[in-house]
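First the proteins, then the strands, lettered A, B, ... as listed; each starts at 1. Just so it is clear, the structure is predicted and the values come from calculations on it, not from any experiment. These values consider heavy atoms only, across backbone and side chains, with no hydrogens, waters or symmetry-generated copies.
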Number of protein chains: 2
Amino acid sequence: MTARHRTVSDDKPLAEGLARQLEQEIIDGVIRPGDELDERRLAERFGVSRTPIREALRRLGVERLIELRPRRSAIVRSLTAQNLAQMFEVLSGLESFAAECAARRMNQQQIEQLRSIHEETAAIVDAGDRDGFDRLNFQFHQAIYRGAGNPYLLEQLEGLRTKLAPYRRWLLRRLDRMRQSHNEHAVILEAIEAGDGARAATEMRRHICDPDRLVDFMMMEQAER
Amino acid sequence: MTARHRTVSDDKPLAEGLARQLEQEIIDGVIRPGDELDERRLAERFGVSRTPIREALRRLGVERLIELRPRRSAIVRSLTAQNLAQMFEVLSGLESFAAECAARRMNQQQIEQLRSIHEETAAIVDAGDRDGFDRLNFQFHQAIYRGAGNPYLLEQLEGLRTKLAPYRRWLLRRLDRMRQSHNEHAVILEAIEAGDGARAATEMRRHICDPDRLVDFMMMEQAER
DNA sequence: AACTACGTTTTGGTATACCAGATTTAATAT
DNA sequence: ATATTAAATCTGGTATACCAAAACGTAGTT
């Protein structure tokens, strides 16, 4: 085939889009754990050359979705319930640490903003607006990240959270945790307002996940299939 | 020049070596924050083509050492004392979390191994063997990572620790903290043996860094120049 | 003299070609 | 029949070439 060069009128790197698409397919199970990702095959399939495919694979490698082996095809990592639970556990560790820092460092204005997000959420919960809740929920957590006053921590958290976002939404829906989540937010907010770092950390960890229960839940899901 | 193709008889990707070399130059200050990293120039300088240079730059981008801008040269990020302190703070958060998990999850055999590493270190400290201390110090922490029973956490920690290793060694030498560090290890070990997660976490955080004092120290260093 | 418009240069994004390590397969010897 | 090895092939690593988007510089206009 005379494979015309793809005119790049987009302002975004091609590789980024490819990475996202592959990511989605991995998450959706179209590409399954253990499957080999052949660069040439993928290039042909997407109608691009190997170069952007390679970049996309590197990104997925960094995100731990695939495993890059020297001189071997990359393979999709097995994303078992256990793996997911482990990632959530790390997230809980970082989030609770952020909450602890935030409790010590947030100024009055930041606290007020956090409270206003929290109070705005109440109406959303009553209305049962799931998308709205997702949005405000994210804002609540992000306000705490920023309040921790550590840009590197913020980066790490946003990265991990983005990676886990699809699973998180799925879990939240299945567990229908909106109301409980909102109540837990209230406790965390209280600890931050009191400047009680230790308690903020503890409550945040409990809020993000009870890893054991999470694993139990996901195991059940797996058994259902 | 007729730039002969580099015969790749190494078993390691070229890009990895390039990344490490550039990393070292950035850390050493040969390449300074704000400097532009032109792919062609670097390729010519190292006598390789642009492709491995690109990969190396991506890696450095992931490591947050440089900033990749679309359609612009990558530039070296400013790595201020504050930045470093922030990374160490995140490290302390993850390490203390690992210590907490380890205290709850390590089995008797793992604890014994940890203790044996600790006791082996005592002689090294007395001998003033800095390299030996670095090695055993790493083993001590790694034993805790593994003891946390969360492979993802282990990955994150090893990655972050590797990234910070050059600075850590520098700091340890300047502060001559060997003996104090060893004593702190003793307290952490004790907490783990007692299964006291909270205390293990607290002591570990204190051990990794007192961020404020760390910043103070690095600010002084900067002022010296 | 200052500002705009256009052309040149620089530089990253992508495509294609080639090389070498790794795997597989087949042939040969025991 | 099995084991060992050598050839074929598959696949990632690297080199080179081309394109388009910025950045830069210059000329022309007001």
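Side-chain atoms of B:Y152 and A:R64 include no donor-acceptor pair closer than 3.5 Å. Of the N and O atoms on the side chains of B:N137 and B:H185, at least one donor lies less than 3.5 Å from an acceptor on the other residue.
A side chain to side chain contact (heavy atoms under 4.5 Å, CB included) with A:I144 is found for one member of A:Q139, A:E95, A:M204 and no other, namely A:M204.
Here C:dT16 presents its C1' atom at 14 Å from CZ of B:R50, a figure rounded to the nearest Å. Separating the CD atom of B:E44 from the P atom of D:dA15 is a distance of 14 Å, rounded to the nearest angstrom. Per the geometry, CD belonging to A:E55 stands 11 Å off P belonging to C:dA15, to the nearest Å. As a whole-Å value, the separation of B:R69 CZ from C:dG13 C1' is 16 Å. Rounded to whole angstrom, the span from the CG atom of B:L42 across to the C1' atom of D:dA15 amounts to 16 Å. B:I53 places its CD1 atom 12 Å from the C1' atom of D:dT14, with the value rounded to the nearest Å. Separating the CD atom of A:E16 from the P atom of C:dG13 is a distance of 12 Å, rounded to the nearest angstrom.
In this structure, A:T51 does not reach the C:dT14 phosphate: none of its side-chain N or O atoms is under 4.0 Å from OP1 or OP2. Applying the 4.0 Å criterion to OP1 and OP2 of C:dG13, one finds that B:R54 has a side-chain N or O inside that range.
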Each nucleotide N or O in nucleotides 9-11 of chain C that has a protein N or O under 3.5 Å away: list the pair and distance.
from, atom 1, to, atom 2, distance (Å)
C:dT11, OP1, B:R41, NH2, 3.2
C:dT11, OP2, B:R41, NH2, 3.3
C:dT11, O5', B:D38, OD1, 3.1

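Atom CD of B:E63 and atom CD1 of B:I26 lie 9.0 Å apart (nearest 0.5 Å).
Within a 6.0 Å sphere centred on CZ of A:R41, other residues, nucleotides and ligands contribute 12 heavy atoms or fewer.
Using a 4.0 Å cut-off between charged side-chain N and carboxylate O, A:E23 and A:R77 make no salt bridge.
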